[in-house]
Every structure is written in structure tokens, then in C-alpha cells.
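Report on one structure; see the data block that follows.
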Amino acid sequence: MDPASPANSTPGHAPSRFAQATELLEKALSELELAVERSESRGGHHETLVQQLHDSEQDRARLAEALDAAGDRSSKLERANHEVGQRLDRAIAQLKSALGEDF
């Protein structure tokens with residue numbers, strides 16, 4: 001009997017943290033073994049997965065470039081918006097001055 005198994009915990013008490021961790025590790029290892037077996041049984045899919053990964057990396061690179069371009073454009077638009085706002089403020093001030101403060 002495994003000394004770390006939950007069956008070896010004190011009756012009426014919850015399994016120790018070590019026993020719980022051991023149980024989780026055993027479960028994870030079992031799942032990993034199943035995943036490896038499935039992967040090995042799909043041997044021909046490896047090339048497909050490699051190609052998909054390569055395609056995904058190229059897509060990521062294109063998206064990164066597009067994001068950079070969009071960020072640059074956004075910055076330019078923000079600067080232009082600020083400049084237009086300043087020009088409008090000056091034009092309004094000039095119109096008020098020309099029409100007099102009562103207007």
C-alpha cells in the first residue's frame with residue numbers, strides 16, 4: 001500500500017496535503033501518458049501540426065505589423081485632432097474679438 005495514498009490518512013480526517021498532491025500528480029501523469037499515446041497514434045498529423053504552427057506564426061507576424069501600423073495611424077490622427085482643435089480655438093477667439101465681446 002502506498003503511504004501517500006488517501007486511504008492511509010487518519011480515519012475521520014481529510015487526506016494530508018501531501019497525499020492530495022500525490023494523487024493529483026498521479027492523475028496528471030496518467031493524463032499525460034494518454035496524451036502521448038494519442039499523439040503517437042496520430043503520427044501523420046505531426047507535419048500538419050507543424051505547418052499549422054508555422055501558419056499561425058506568420059499570421060501573428062502580419063497581425064503585429066497591422067497593429068503597429070494602426071497604432072501609428074492612431075497617433076497621427078490624435079496629433080491632427082489636437083492641432084485642429086487648437087486652430088478652431090484660435091479662429092473662435094478671433095471671431096469673438098472681431099465681433100466684440102458682447103456676441
Side-chain angles (χ1 to χ4, degrees):
M1 188 178 282
D2 183 5
S5 72
N8 288 335
S9 62
T10 309
H13 292 75
S16 71
R17 293 178 79 185
F18 178 77
Q20 290 173 339
T22 302
E23 187 176 324
L24 288 172
L25 178 60
E26 288 174 2
K27 182 179 177 185
L29 288 173
S30 295
E31 290 175 6
L32 179 60
E33 287 173 357
L34 287 173
V36 168
E37 288 173 9
R38 284 193 300 264
S39 177
E40 288 174 350
S41 70
R42 292 187 226 149
H45 295 314
H46 177 72
E47 292 81 19
T48 302
L49 292 174
V50 169
Q51 184 60 45
Q52 287 176 345
L53 177 61
H54 178 70
D55 293 345
S56 294
E57 288 173 351
Q58 287 182 331
D59 287 344
R60 187 210 56 79
R62 280 192 296 270
L63 289 170
E65 287 177 17
L67 181 61
D68 288 344
D72 290 344
R73 184 168 187 261
S74 176
S75 294
K76 288 176 184 176
L77 289 172
E78 286 178 20
R79 284 191 301 271
N81 184 38
H82 180 72
E83 185 178 324
V84 166
Q86 287 179 331
R87 288 181 182 182
L88 284 172
D89 287 343
R90 283 193 301 267
I92 290 169
Q94 288 174 349
L95 285 172
K96 283 183 178 180
S97 176
L99 295 174
E101 291 297 322
D102 297 332
F103 187 71

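Predicted model only: the values in this text are computed from it and were never measured. Computed over heavy atoms, backbone and side chain alike; hydrogens, waters and symmetry mates excluded.
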Inset, instruction - Can you sort out the partners of R87 under side-chain contact (heavy atoms from CB on, under 4.5 Å), two or more places apart, ordered by chain and number? - result: E83, R90
Inset, instruction - Without swapping roles, check the side chain of S74 against the backbone of A70 for a donor-acceptor pair under 3.5 Å. - result: no
Inset, instruction - Nearest 0.5 Å please: distance from the CG atom of L29 over to the CG atom of L34. - result: 11.0 Å
Legend entry - Close side-chain approach of R60 to E57, heavy-atom, < 4.5 Å: no
Legend entry - Spatial distance of atom CG (L99) from atom CD (Q94) [nearest 0.5 Å]: 11.5 Å
Inset, instruction - Could you grab the distance from atom CD of Q58 to atom CG of L53, nearest 0.5 Å is fine? - result: 10.5 Å
Legend entry - Student check: side-chain heavy atoms of K27 and E23 closer than 4.5 Å: no
Legend entry - Under 3.5 Å: donor-acceptor pair, side chain of S97, backbone of A93: no
Legend entry - R17, CZ atom: more than 12 neighbouring heavy atoms under 6.0 Å: no
Legend entry - Stepwise side-chain hydrogen bond (donor to acceptor under 3.5 Å, both in side chains) test for H82 and Q86: CA-CA 6 Å; H82 180 72; Q86 287 179 331; 3.1 Å; yes
